[in-house]
Each structure stands twice: as C-alpha cells, then as structure tokens.
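Being a predicted model, the structure only gives us computed values, none of them experimental. Order of the sequence lines fixes the chain letters, A, B, ..., with proteins taken first and strands second; residue numbering starts at 1 for each chain.
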Amino acid sequence: MEELAKKYNFKDIEEKQYLHCEKNDLFHGKINSTKKPFSIVIPPPNVTGILHMGHALNNTVQDILIRYKKMAGFETLWMPGTDHAGIATQNVVERKLAKEKLTRDDVGREKFLEHVWDWKQEYGSTIIKQLRSLACACDWQRTRFTMDEGYSDAVLEVFIRLYDKGLIYRGNRIINWCPRCQTALSDEEAPHQDMDGHLYHIKYPIKDSAEFLVVATTRPETMLGDTAVAVHPNDKRYKDLIGKIVILPLIQREIKIIADDFVDPAFGTGAVKVTPAHDPNDYGMGKRHNLEFINILHPDGVCNANAGKYNGLDRFAARKAVIEDLKQQGLLVKIDSHAHAVGHCYRCDTVIEPYYSKQWFVSMKPLAIPATEAVRTGEIKFHPERWTKVYLNWMDNIQDWCISRQIWWGHRIPVYYCAACQDEDDYKKGVIVSRIKPDKCRHCGATDLVQDPDVLDTWFSSWLWPFATFGWPFNQKAEDGKQKIEDEKQKIAKQELDYFYPTDVLVTAPEIIFFWVARMIMAGFEFIGDIPFKDVYLHGTVRDDTGKKMSKSLGNSIDPLEIIAEYGTDALRFSLISITSMGQDVYLSKEKFEFGRNFCNKIWNASRFILMNFDGVDVSKEKLPLKNDLNLADAWILSRFNLTLKKLNQSLSKYRLNEAVNIIYEFFWHQLCDWYIELSKLNIENKDTKIVLYNVLEMSLRLMHPFMPLISDEIWQKVTGNDTAIMSQPWPEINEDYIDLDIEKEMQLVMDNCVSIRNLRSENNIKPKDKVDIELYPEDKSVLNILEKNLNYLLNMSKVENLHFADKSSFKVSVNPSSTAAGCVIVMKLKLDETFDPEKETQKIEAQIKELNQHIIRKDKLLSNENYVKKAPVAIVEKEKQSLLELKQEIDKLEKIKSALK
RNA sequence: GGGCGCGUAGCUCAGCUGGUUAGAGCACCUCCCUUACAAGGAGGGGGUCGUAGGUUCGAAUCCUACCGCGCCCACCA
C-alpha cells in the first residue's frame with residue numbers, strides 16, 4: 001500500500017489527476033441506450049475572455065452537477081465552446097491594428113477578417129485552457145465555436161426560415177447607436193445608467209408674433225433636427241397655439257406646433273420639441289403626424305450638414321455651442337439640474353445615440369408565445385423561483401429585436417440586393433435571401449447583386465447554442481466523393497441531438513436572462529419544437545468584499561488563476577461553493593479561500609492516518625461487518641455516514657450546493673476526524689475497525705468528488721489501489737441497515753460526558769497531558785450501563801486516570817469542582833497541590849441556574865397554556881415536556897452541587 | 001414609475017414548508033508543537049435576528065408600514 005506524502009501539496013497532484021481523467025475518456029458523452037442522458041451546454045465564454053471569478057463560479061457549479069450525475073448513473077455530456085463575440089472581438093483586433101496606426105478601413109474587410117481569424121487562432125482558446133485548470137469535466141472533443149462552419153450554417157438556416165415566415169423584416173427605425181463602435185445595438189445591449197444631467201429651457205419664437213413657446217430638453221443639440229413642437233391637446237395654456245408655426249432658433253426652420261397625447265403637461269413646460277430622427281418618442285410622433293425625419297449626425301456622432309453651422313462638431317461639442325449661441329441670442333431661459341437614465345454601449349460604455357436608420361429586425365411576439373407558456377406552466381423552472389417573474393414580465397412586453405450590426409466580424413447577413421429593382425417602400429423588393437450569392441436577380445435577371453454589408457448580432461447565433469452545437473440542421477456538404485461519410489456523420493449527430501436534447505439544466509447569471517436564456521427558449525420551440533432545458537439555475541454575481549461587481553476595469557478582481565496557484569483548484573472550488581447561497585450574490589476576498597485549503601489539508605492528513613493503519617488487512621477485499629458485530633464507535637460512524645448521505649442527496653436534488661458542501665465538511669471534520677478517528681485509535685488493531693475506517697473514507701471520497709475532484713481522486717487511488725478515477729464509480733447508496741438512532745443517542749451520551757470532563761479540566765487549568773480522577777453519578781441504570789460499557793472512550797478521550805461510578809443517592813460533594821453532563825453529575829477529584837475556589841464555583845453554578853430557570857419559566861408558561869396544548873402538534877408538545885423535564889433535572893443537579901459546596 | 005434582493009455574533013454569511021436553549025467560518029481569549037494534521041487540537045467569550053405594529057398556542061422565519069443598503073426593468077422630453 002502506497003503512503004501519502006507527509007505534507008499535502010496540491011501542485012503535485014492536481015494537474016496530474018485532471019489529465020488522468022481525460023486520458024481515460026471520462027469526460028466524453030455518447031449515446032448509451034442503457035442509461036438516461038444528463039446534458040448541459042456551457043454558457044460559451046467570449047473568445048476574447050479571460051477567466052474571472054464569475055466563470056469560476058459558473059463552471060464549478062456545472063462541473064459539480066455533471067460529475068455527480070455521472071456517478072449517479074446518467075450518461076452525461078457537458079458541451080463546451082466559445083462565442084465569437086462580434087463587437088468585443090472586433091474591438092480587440094481594431095485596437096491591435098491601431099498600435100500600427102491602422103484602421104479597419106485601411107486594411108479592408110477581407111484582410112481585416114484575416115487579422116481576426118489570426119487573432120482567434122492565437123488567443124481564442126485561452127479561456128478554454130483556463131477552464132481546464134478549474135478541472136471542468138467538459139467533453140473537449142466536442143468544443144464548438146459560434147463561427148464554426150457547421151454552426152454558421154445553422155445561423156443562416158435560421159435567418160432564412162424566419163425571413164420566409166415573415167418574422168424577419170427590414171425597416172427604418174430609431175435604434176440604439178453606439179457612435180464609438182459605429183453600429184446599431186439591441187435594446188438589451190444599451191443598458192440605462194442614471195446620470196446627473198441638465199434640463200435646458202429654450203425659447204422658440206412664434207411666427208408673426210412677439211411671443212415664445214418654451215420647450216425643455218436634456219439634449220439641446222438635437223433641436224437642430226426638430227421638425228415640430230408638441231403640446232397636449234387638452235393643455236389650456238397652449239390650446240390656441242396648436243397649428244401655429246414656430247421658428248426653430250439657430251436653424252430658422254419653420255416648424256408646426258402639434259397636439260399629441262404623449263405629451264405630459266406636468267413635465268417641464270408642457271411643450272416638447274420633436275426630433276423624429278433622434279428620439280424614440282419623437283419618432284412615434286413623427287410617424288403619427290407625418291413629420292420630416294432630419295438626421296443631424298454622422299455615424300461617429302459628429303454633426304452633419306443638416307446641423308448647419310455646427311456641421312463637423314462632435315455631438316457634445318455641438319451641445320455646448322448650441323447652448324452658448326442660445327444664451328447669446330437670449331433664448332435660453334434656464335438650466336435645471338436633472339437626473340435621468342441614459343443608455344450606454346454595453347461593450348465600450350459610450351453614451352448611445354437614438355438614431356434613425358435602416359436595420360433588420362426579428363418580430364418577437366409570435367416566438368414569445370410558446371416560450372412564455374413553457375415557463376408559466378412550469379415546464380421550464382427557474383432556480384431561485386423569483387426570476388420567473390422577471391422573465392415573464394419581459395416576455396409579456398417583448399419588443400422586436402434589432403439584429404443587424406455594422407461591423408465585420410460575425411455572420412454576414414445572407415441577403416443580396418438588386419439595385420435594379422430595390423424599392424424604398426417595400427423592403428422585400430429586390431431582396432434575395434440566400435445561403436450563397438445568387439448569379440442573378442430572381443425578379444429582373446440583373447447580375448450585379450450586392451450582399452448586405454452587415455453582420456448579425458452575436459446573440460443571433462448564441463440563441464441556437466443548445467442544438468446548433470450538436471450539428472443542427474445536419475446538412476453539411478462534404479468535399480467531392482466524401483458525401484457518404486459526411487451523411488453518416490450527420491446521421492449520428494442527429495441521433496445525438498435526439499438523445500441529449502432537451503438539455504437538463506442551464507447554469508448562468510441573471511444578467512443574461514433576456515440576452516440569452518429567453519431567446520434560447522424561443523429558438524428551442526421555433527426550430528426544434530421543444531424546450532432547450534428543463535431547469536435554469538441562476539447563481540449570483542461575484543462581487544468584491546465592498547459589494548462592487550468584480551471587473552477588470554475596476555481593478556478589484558481576484559484572479560482565479562492566482563488563487564489556484566496559491567491555494568489549489570479544489571480549495572478554490574470548495575471555498576467558492578461554500579459561500580454561494582442559492583442565487584445570492586457572492587462577496588469575495590482572498591482569505592475566504594483558506595477555508596477550502598484548510599479542508600483539503602484536513603482530508604489529506606486524515607487519509608494519511610487511515611492509510612497508515614491498514615497493515616496486515618486487505619481492507620478493500622473485506623466485507624463491511626454487520627452493524628450488530630461492531631463496537632459503538634464503528635457502528636456510530638456508519639450511522640452518521642448514511643444519515644449524512646441522505647441529507648446530501650436531498651440538498652443536491654434541490655441545487656443547494658452550499659448546503660451540500662457544509663454537510664460534507666461537518667461530517668468529515670467534526671464527526672469523522674474529531675471523534676471517530678480519535679476513538680478508532682483505541683481499537684486500531686481491531687480488524688473490523690480497519691475495515692470501517694477504509695469504507696468510510698472510501699465512500700467519503702466519492703461524496704466529495706464532485707466538489708473537489710482532484711484531491712479525492714488522488715487519495716482514492718492510493719487508498720483503493722484502483723488506478724481508474726472516481727468519476728467512473730457509482731455514487732454511494734444509502735444503507736438503511738446502518739442507520740440507528742439508538743446508537744447515535746448512546747454515542748452522544750458518551751461524547752457529552754467527555755466534553756463535560758474536558759470542560760472541568762480546562763476550567764481548572766489542568767494541562768492536557770495531566771490525567772485526572774473523576775467520580776460519576778449517573779442519573780439511572782441505563783446511563784450507567786452505557787458509560788460503563790464505553791469506559792475506555794471516556795478514559796482516553798478526556799484523559800482520565802481513575803473513574804469511579806457512584807450511586808446518585810450517595811452524592812455528597814466536598815470542595816471539588818463538578819459539572820453536570822447528559823445523565824450525570826461529574827466530580828473531579830483535586831490533587832493535593834491543586835487549588836479550588838468554592839466561592840467562584842458557586843457563582844458559576846448560580847449563573848447557570850439562572851439561565852436554565854428562564855427557559856423553565858418560558859416552557860412552564862407554554863405548557864400551562866391550554867391553547868398550546870390543544871393546538872400544537874402532539875409531537876411538539878411531547879418534545880417540550882421532555883425538554884422541560886430535562887431542564888428540571890439539570891437544575892436539580894446544579895442545586896445539589898451548590899448546596900454541597902456550602 | 002414599476003419589480004426584486006439584503007439588513008442575524010467584531011467580520012463574512014447559513015438558517016428550506018413557523019416548533020428544542022438561533023448556527024458555521026474567520027477574528028478574539030485561555031491552554032497545548034499529544035507519533036494524521038499548528039493550514040492543527042481542547043475549552044471559552046460574544047447575538048433583545050434593522051425598527052414598529054399585526055397574524056398565531058408559538059415568529060429570525062408569515063403579513064403590513066417604516067428606516068438603511070444594493071440590483072434590475074421602463075420611450076416622460
């Protein structure tokens with residue numbers, strides 16, 4: 001039998017054990033008709049990503065579930081991969097080019113994409129490598145990328161299907177525009193942030209009059225694009241002005257005063273400047289009143305020719321200039337400070353501009369119907385449940401999805417335009433949707449077709465992740481002569497989708513419920529006709545210890561790789577999960593990882609002790625003895641183990657992972673190590689004890705494996721002599737035969753008496769190595785029997801030299817320290833040179849009596865309450881009665897001691 | 001403007017469908033390097049569970065209001 005190193009060093013074992021599992025092909029999932037499937041698709045990290053604590057938490061949770069389910073007999077599959085992250089990746093590569101003083105336009109589209117692919121080739125698998133250092137049991141052979149050839153087919157297929165169904169359309173709308181990234185964004189990609197802004201009150205002169213109409217705005221520069229001023233139709237102040245003309249200052253354009261219900265008379269002046277091309281509300285009014293749409297901005301946020309003299313000024317510079325000029329002309333009434341929410345680009349944090357432009361959209365309402373229903377009926381469940389409401393609320397108010405992006409990195413929109421027959425009023429005219437470039441226009445035969453320059457939103461590919469990763473829609477074309485082989489591959493892929501889909505659980509953060517979770521559910525129904533997953537497990541956000549979200553830009557992040565280097569992977573995982581209460585945010589600081597590290601160390605040392613003591617017995621071949629043949633400690637630990645397993649299974653079934661981790665910790669450290677191992681030393685030559693030690697350790701290692709896979713494998717191999725890995729082993733089964741509450745009670749009595757004796761020793765400053773003499777006065781015969789039977793435990797666990805049992809009727813204490821314990825009064829005989837202060841002792845006892853009395857009074861009151869006795873469950877009442885009785889006995893004992901001290 | 005989460009020991013937090021004398025880790029105090037483990041062992045101190053009401057035989061737990069803190073959603077300029 002091999003020994004464990006004297007000191008636990010995770011660096012010696014962690015990487016080795018991970019590779020060992022991989023080599024044994026334990027992470028690969030394939031169709032197995034004798035097993036039920038259990039599958040998870042990874043939330044694909046961005047290719048630009050580097051591992052942060054959020055990933056660490058997210059993937060640890062998934063890994064725990066995968067390993068646990070595999071052991072529990074499922075055919076598991078964890079599908080890994082990365083997301084091409086259009087805007088983020090393009091930004092990274094553009095920044096790289098900028099270092100060489102180049103822009104993407106300098107190099108051109110084709111060359112630029114080559115640069116991106118080169119970058120992807122070099123850095124794109126960083127995060128995948130990092131996930132391995134977390135010990136993730138992903139099926140790496142299947143690693144997918146959203147820009148893979150097959151995956152891209154799925155994206156095009158979906159675009160075409162939705163277009164054919166009339167659910168994808170092109171149109172001019174106000175969208176969120178990022179002037180820095182120079183692309184349209186979806187609503188979700190432009191989150192609002194509260195900002196301290198200003199409300200500017202501006203006079204608009206009324207034509208042919210000396211009067212003014214005062215409007216209030218937060219973005220004065222947009223007035224350059226104003227094409228009306230709106231008031232509420234019932235607003236008495238302005239009733240007579242409706243239909244009149246005002247002269248737009250600075251530009252001198254004549255615009256109409258219109259009436260619209262949208263206007264809130266109570267806000268600002270009750271008059272609103274209307275800029276249909278630069279505000280979503282104004283857009284609506286513009287449509288309703290047939291106003292002109294005047295775009296005053298270039299895509300980069302610089303004013304264009306429509307801005308008159310402000311042409312060429314950046315939007316914020318233009319704002320200053322406009323205000324300055326209005327002030328000069330006496331048209332600025334006042335500036336109020338005004339807090340409001342402003343949209344920001346989720347990739348670069350630039351203030352977004354509502355911008356009128358032509359984009360592609362998906363009609364979401366029809367897709368939302370089954371996806372809403374599935375959650376409402378509970379077919380898909382959110383954990384914690386409260387997110388259901390957030391999801392449903394969003395789905396009920398779902399808006400169309402802007403999917404075109406004016407960038408180059410991504411899936412190019414499969415649309416070709418025929419210049420000859422394009423029509424401004426009908427987007428379908430002159431439009432050919434096709435996987436490959438058509439030779440000529442279907443409508444007029446023209447041959448100069450131009451592909452749409454835009455690419456699709458990255459989320460338009462990620463929403464297909466749960467099935468596109470399996471190869472859907474399975475129409476891969478092979479090179480010449482190899483189609484047969486390809487067809488066979490596609491057939492298997494299709495069977496795999498049938499087997500593993502729907503996946504079982506999606507583990508992710510609440511931030512992307514809208515971006516991703518909701519859309520995957522819609523895509524699942526639309527393209528596969530079924531839900532993509534049954535459960536959605538939403539964990540919290542990882543924050544620093546002051547509550548700020550951990551992020552690189554804030555500089556407050558703790559690098560998981562650094563933690564792994566310092567504490568080890570198992571320690572990282574165990575610590576992280578222990579503080580991750582269901583759905584609650586995680587507040588992290590470096591010291592928290594000591595928890596896991598210390599536990600790993602404890603496991604190692606305890607295992608080392610057990611492993612040292614097998615000598616002469618081939619423990620792995622011996623059958624576990626029957627309960628009745630075991631001594632108390634051996635029987636007790638087996639009872640504890642099985643009860644622990646029961647609790648653990650329950651926690652796991654409810655995804656209460658922090659609870660699971662604490663159950664394991666409590667059992668292993670405080671029951672196995674603190675008590676059982678110490679007790680086992682008294683019988684260590686006993687063959688049965690060796691067998692029990694072996695079995696409890698071996699099963700414990702299996703229990704902890706999903707949480708700390710590496711240390712458990714290392715020790716397990718050494719202990720069992722088996723060179724496979726725990727992942728190939730079954731999850732332990734509960735053995736009811738060993739669960740015995742009488743044994744637990746008996747052991748508890750022994751432990752309580754040990755603790756009391758230790759207590760006495762400590763209070764009287766007896767050194768740990770000094771032995772003491774004890775007199776025990778048991779309550780009754782059964783207590784006496786139990787303690788007598790387990791005398792050995794008492795003597796050794798609390799370092800007692802002589803222990804005498806005496807009848808409680810003979811109790812008379814001289815001046816000696818004493819204490820009460822479960823079923824006993826304990827007296828410690830002082831040695832000659834030891835001193836004892838009866839006065840202090842009396843005080844201590846009086847304090848105890850006082851405290852107990854408070855409880856007794858409360859219980860007396862409770863039990864004398866007729867209503868309580870009548871209404872509370874019998875079992876509870878009985879328990880209270882019993883507890884009261886025990887309290888009274890305890891007080892009796894204390895009183896007796898007290899009077900004896902006098 | 002809606003919605004959600006959190007206020008429990010000095011710190012970080014558990015505490016599920018209400019039911020023993022409210023728990024853990026860290027920190028703190030005392031003793032101990034006892035041959036698995038000082039990243040350890042034995043013992044200890046420390047909480048009127050944010051505040052005020054209510055429901056109940058019984059509330060940290062359920063309800064209401066309020067006070068702090070944080071998050072999400074929303075087209076009021």
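Two rings, from Tyr355(A) and Trp177(A), have their centers less than 6.0 Å apart. If you look at Tyr567(A) and Phe10(A), their ring centroids are not closer than 6.0 Å.
Residues passing the salt bridge (Lys or Arg N to Asp or Glu O under 4.0 Å) test with Asp860(A) are Lys888(A), sequence neighbours excluded.
Interface remark: the Glu659(A) side chain does form a donor-acceptor pair with the C16(B) base, using a distance-only criterion of under 3.5 Å. Within 3.5 Å, no donor on the side chain of Gln584(A) pairs with an acceptor on the base of A14(B), nor the reverse. Below the 3.5 angstrom threshold, one finds no donor paired with an acceptor across the side chain of Lys767(A) and the base of A42(B).
For Ser581(A), the listed nucleotide lying nearest its side chain is A14(B); candidates were A14(B), U12(B), A77(B). Considering only the side chain of Met612(A), A36(B) comes nearest among A36(B), A77(B), U20(B).
The two residues Leu572(A) and Phe593(A) come nearest to each other via the heavy atoms CD1-CE2, 3.4 Å.
The separation of U35(B) from G19(B), taken at their P atoms, amounts to 45 Å, rounded to a whole angstrom.
One finds a salt bridge joining Asp615(A) and Lys690(A) here, because a Lys/Arg side-chain nitrogen approaches an Asp/Glu carboxylate oxygen to under 4.0 Å. Between Lys654(A) and Glu659(A) there is no salt bridge, since none of the side-chain N atoms of the basic residue sits less than 4.0 Å from a carboxylate O of the acidic one.
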Contact pattern, 5' to 3', of nucleotides 43-50 of chain B - B, S or - by protein heavy atom under 4.0 Å: SS------
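No option in Lys771(A), Lys799(A), Arg761(A) other than Arg761(A) meets the side chain to side chain contact (heavy atoms under 4.5 Å, CB included) test with Ile766(A).
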Filtered N/O pairs between nucleotides 7-11 of chain B and protein, under 3.5 Å:
none

Can you pull every protein N or O that's under 3.5 Å from an N or O on nucleotides 22-26 of chain B?
unit_1 : atom_1 : unit_2    : atom_2 : d
G25(B) : OP1    : His670(A) : NE2    : 3.4

Tabulate atom names and distances for all N/O pairs under 3.5 angstrom spanning the protein and nucleotides 1-4 of chain B.
unit_1 : atom_1 : unit_2    : atom_2 : d
G3(B)  : O3'    : Lys389(A) : NZ     : 3.3
C4(B)  : OP1    : Lys389(A) : NZ     : 2.8

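Separating the CD1 atom of Ile512(A) from the C1' atom of C73(B) is a distance of 17 Å, rounded to the nearest angstrom. Asp585(A) has its CG atom 10 Å from the P atom of A14(B), to the nearest Å.
Remark: Lys602(A) is in phosphate contact with G41(B), judged by side-chain N or O atoms under 4.0 Å from OP1 or OP2.
Stretches of at least 3 consecutive Watson-Crick or G-U wobble pairs, with each checked distance under 3.5 Å, appear in RNA chain B as B:1-7 with B:67-73, B:10-13 with B:23-26, B:28-32 with B:40-44, B:50-54 with B:62-66.
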